[in-house]
Amino acid sequence: QVQVVESGGGLVQAGGSLRLSCAASGRSFSSYAVGWFRQAPGKEREFVAAISRSGDNTFYAVSVEGRSSISRDNVNNLAFLQMHRLKPEDTAVYYCATALEVTGTIRISDFGSWGQGTQVTVSS
């Protein structure tokens, strides 16, 4: 089992960029896929992006595809979510979580080891 801690959130103007980090502790980080999710006030938690254990496969929500990039560093037990051209509707708490693996069908229920989240606020 791994534990994760997110960082990198903050206040940014619309059109700006942010890179979120997910630091994992525990053994065998490379044995887990990593997902990023977000939850805006009054809304359900939603999928943003995911990356397979090896990093060879990535998946994105339609809302962020083309302006976001998920990556991982299995040597240093890190995962990242780079977001560009941010919009006010991207405002949310962003969470990192792990799963045994990810395929084309992403289910929140497959993910565990959730972090505490990092706040991203995009001003218009």
Side-chain angles (χ1 to χ4, degrees):
Q1 193 77 356
V2 297
Q3 293 79 45
V4 296
V5 177
E6 305 91 339
S7 62
L11 174 63
V12 62
Q13 288 188 330
S17 300
L18 276 178
R19 188 176 82 155
L20 306 182
S21 298
C22 174
S25 60
R27 298 185 299 175
S28 303
F29 175 65
S30 59
S31 297
Y32 295 91
V34 177
W36 284 96
F37 299 81
R38 66 187 182 187
Q39 188 166 18
K43 295 188 177 181
E44 294 187 352
R45 192 168 298 188
E46 65 176 6
F47 167 70
V48 177
I51 188 167
S52 62
R53 290 179 295 187
S54 67
D56 288 343
N57 298 301
T58 57
F59 307 90
Y60 298 92
V62 172
S63 59
V64 303
E65 192 163 20
R67 57 188 185 93
S68 297
S69 177
I70 187 172
S71 59
R72 66 187 297 162
D73 176 354
N74 284 344
V75 173
N76 294 299
N77 289 359
L78 293 167
F80 305 98
L81 179 67
Q82 178 75 57
M83 301 184 70
H84 300 290
R85 302 193 299 280
L86 284 162
K87 307 174 183 179
E89 50 263 46
D90 292 320
T91 295
V93 177
Y94 283 70
Y95 298 91
C96 173
T98 60
L100 291 178
E101 188 51 297
V102 289
T103 62
T105 300
I106 305 297
R107 296 177 297 207
I108 292 180
S109 59
D110 288 339
F111 287 80
S113 299
W114 293 85
Q116 295 300 304
T118 185
Q119 176 72 47
V120 172
T121 303
V122 184
S123 63
S124 58

### Query
Just wondering, do Asn57 and Val102 contact through their side chains at under 4.5 Å, heavy atoms?
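The answer is no; the side chains never approach within 4.5 Å.
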### Query
Can you check whether Ser30 reaches Arg53 side chain to side chain, under 4.5 Å on heavy atoms?
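Answer no - side chains too far apart.
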### Query
How is the hydrophobic cluster of Tyr60 composed, in terms of its other members, when Ile, Leu, Val, Met, Phe, Trp and Tyr link through side-chain heavy atoms under 4.5 Å apart, directly or indirectly?
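Hydrophobic cluster check, Tyr60: joined to Val12, Leu18, Leu20, Phe29, Val34, Trp36, Val48, Ile51, Val64, Ile70, Leu81, Met83, Leu86, Tyr94, Val120, Val122.
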Do you know the tightest heavy-atom contact between [X] and [Y]?
X: Pro88; Y: Ala14; result: CD-CB, 4.1 Å
X: Thr103; Y: Ile106; result: O-CD1, 3.4 Å
X: Ser17; Y: His84; result: OG-ND1, 2.9 Å
X: Glu6; Y: Cys96; result: OE2-N, 2.8 Å

### Query
Strictly under 6.0 Å, is that where the ring centroids of Phe37 and Phe111 end up?
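Yes.
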### Query
Just wondering, more than 12 heavy atoms not from Leu11 lying within 6.0 Å of its CG?
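Yes.
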### Task
Check side chain to side chain contact (heavy atoms under 4.5 Å, CB included) between Ser28 and all other residues, then give those that pass, not counting sequence neighbours.
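Counting only residues at least two positions away or on another chain, Ser28 forms a side chain to side chain contact (heavy atoms under 4.5 Å, CB included) with Ser31.
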### Message
Hydrophobic clustering (ILVMFWY, side-chain heavy atoms < 4.5 Å, transitive) - are Ile108 and Phe59 grouped together?
### Response
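Shared cluster, yes.
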### Query
Under a single-linkage definition using a 4.5 Å side-chain heavy-atom cutoff for Ile, Leu, Val, Met, Phe, Trp and Tyr, are Val2 and Leu100 assigned to the same hydrophobic cluster?
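Looking at the clustering, Leu100 is in the same group as Val2.
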### Query
For the side chain to side chain donor-acceptor pair (under 3.5 Å) test, which of Thr118, Thr91, Asp90 pairs with Arg38?
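Single side chain to side chain donor-acceptor pair (under 3.5 Å) partner of Arg38 among Thr118, Thr91, Asp90: Asp90.
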Drop me the distance from [X]'s [atom1] to [Y]'s [atom2], to the nearest 0.5 angstrom.
X: Ser68; Y: Arg85; atom1: OG; atom2: CZ; value: 8.5 Å
X: Ser124; Y: Lys87; atom1: OG; atom2: NZ; value: 14.0 Å
X: Arg72; Y: Cys22; atom1: CZ; atom2: SG; value: 9.0 Å

### Message
Looking at Ala92, is its backbone amide N or carbonyl O close enough to the side chain of Gln39 to form a donor-acceptor pair, meaning the two atoms are under 3.5 Å apart?
### Response
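Not confirmed, Gln39 side chain does not pair with Ala92 backbone.
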